[in-house]
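Below, read A as the first sequence line, B as the second, and so on, with proteins coming before strands; counting in each chain starts at 1. These values consider heavy atoms only, across backbone and side chains, with no hydrogens, waters or symmetry-generated copies.
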There are 2 protein chains.
Amino acid sequence: MLGRLNHVAIAVPDLEVAAERYRAVLGATVTEPQALPDHGVTVVFVEVANTKTELLEPLGEASPIAAFLEKNPAGGIHHMCYEVEDIIEARDALQVNGVRVLGDGEPKTGAHGKPVLFLHPKDFDGTLIELEQV
Amino acid sequence: MLGRLNHVAIAVPDLEVAAERYRAVLGATVTEPQALPDHGVTVVFVEVANTKTELLEPLGEASPIAAFLEKNPAGGIHHMCYEVEDIIEARDALQVNGVRVLGDGEPKTGAHGKPVLFLHPKDFDGTLIELEQV
């Protein structure tokens, strides 16, 4: 079921500072900030050879990463996203195995314009897993 | 400086349970447990197409992940490891930029038999970054 690791997402308190640190100190290619008001985040992508690291800053009042940053004011790794071929098939197979899908269980359109779902971190050793259909 | 994302490491309270969940529920290829007494962990690798996820369970009295699991009893994402070509050159460039290298600053032999260093999470938005020379 699991395809490529699409990205690892890190919630950061200050996107500009974080992006510049990856660019200047780690010598990485970092994209320009992209505001995604529908998702409550502003994002940059740190492009590495085989995948990407996403840096996320809260945007707006109801950002899904606001609570995480309240608990982790310095920031931290927020989730990992794996690709799947068919998100409905993946969801159904997971639910049969007792995995809890967050929200109403219906895929949403993710930050990359593709259908995504999130799995309950309690079902995967405290790791929030996003599945993205590619 | 940053090469491939070599792996993402997740500390888990029960390696057997976690490995079986990735295998049976997520349909992933998971290697057999490997005890690394010098590193204080037992590890399995979840092989995905472009990288790997490492699941780590404490081994022995002075495991480097014991404190993390005390704080996060359900487990959680522990660190990300990026590859670098020359770890001494990378370290020196990072230190010039004020990045704190953990320990005495000298590379150790990592779990894959290659030289590794860890960077202070406070310098990277709460993310523990491992560098591995490949």
Among [options], which has the most heavy-atom pairs under 4.5 Å with chain A?
{"options": "B/V84, B/L128, B/L131, B/V8", "answer": "B/V8"}
{"options": "B/L55, B/N50, B/T29", "answer": "B/N50"}
{"options": "B/V12, B/V96, B/L119", "answer": "B/V12"}
{"options": "B/P13, B/G27, B/G76", "answer": "B/G76"}

If Ile, Leu, Val, Met, Phe, Trp and Tyr residues are connected whenever their side-chain heavy atoms lie under 4.5 Å apart, and connections chain through other members, are [X] and [Y] in the same group?
{"X": "A/L56", "Y": "A/F45", "value": "yes"}
{"X": "B/V46", "Y": "B/V43", "value": "no"}
{"X": "A/M1", "Y": "B/V30", "value": "yes"}
{"X": "A/V116", "Y": "A/V134", "value": "no"}
{"X": "B/Y22", "Y": "A/L94", "value": "yes"}

Exercise for review: Name the region of B/V25, side chain, backbone, both or neither, that has any atom closer than 4.5 Å to a heavy atom of chain A.
Suggested key: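 Its backbone and side chain both get close to chain A.
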
Review point. Tell me, side chain or backbone of B/A11 under 4.5 Å from chain A's heavy atoms, or both, or neither?
Key: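 For B/A11, the contact with chain A is made by the backbone alone.
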
Region of [X] that comes under 4.5 Å of a non-hydrogen atom in chain B:
{"X": "A/I77", "answer": "both"}
{"X": "A/A18", "answer": "both"}
{"X": "A/F124", "answer": "both"}

Is it the case that over 12 heavy atoms from other parts of the model lie below 6.0 angstrom from the [atom1] atom of [X]?
{"X": "A/E89", "atom1": "CD", "value": "no"}
{"X": "B/E16", "atom1": "CD", "value": "no"}
{"X": "A/Q95", "atom1": "CD", "value": "yes"}
{"X": "A/K108", "atom1": "NZ", "value": "yes"}

Exercise for review: Would you please test B/I129 and A/L26 for side chain to side chain contact (heavy atoms under 4.5 Å, CB included) and show each step?
Suggested key: CA-CA 11 Å; B/I129 293 180; A/L26 291 174; 4.2 Å; yes

Practice item. Please assess B/T53 against A/Y82 for the test side chain to side chain contact (heavy atoms under 4.5 Å, CB included), listing each intermediate value before the final yes or no. Key: CA-CA 11 Å; B/T53 299; A/Y82 294 101; 2.7 Å; yes

Check your understanding: So which of A/K52, A/H79, A/M80 has the biggest tally of heavy-atom pairs under 4.5 Å with chain B?
Key ->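 Answer, by heavy-atom pair count under 4.5 Å with chain B: A/M80.
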
Check your understanding: Which heavy-atom pair separates A/V48 from B/G3 by the least distance, and what is that distance?
Key ->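 Minimum heavy-atom separation between A/V48 and B/G3: CB-O, 3.6 Å.
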
Check your understanding: Can you name the nearest heavy-atom pair linking B/A28 to A/L2, along with the distance?
Key ->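 Shortest heavy-atom separation between B/A28 and A/L2 comes out as CB-CD1, 4.1 Å.
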
Check your understanding: Is a salt bridge present between B/R21 and A/D125, judged by a nitrogen-to-oxygen distance below 4.0 Å?
Key ->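 Counted as a salt bridge, because a side-chain N and a carboxylate O are separated by less than 4.0 Å.
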
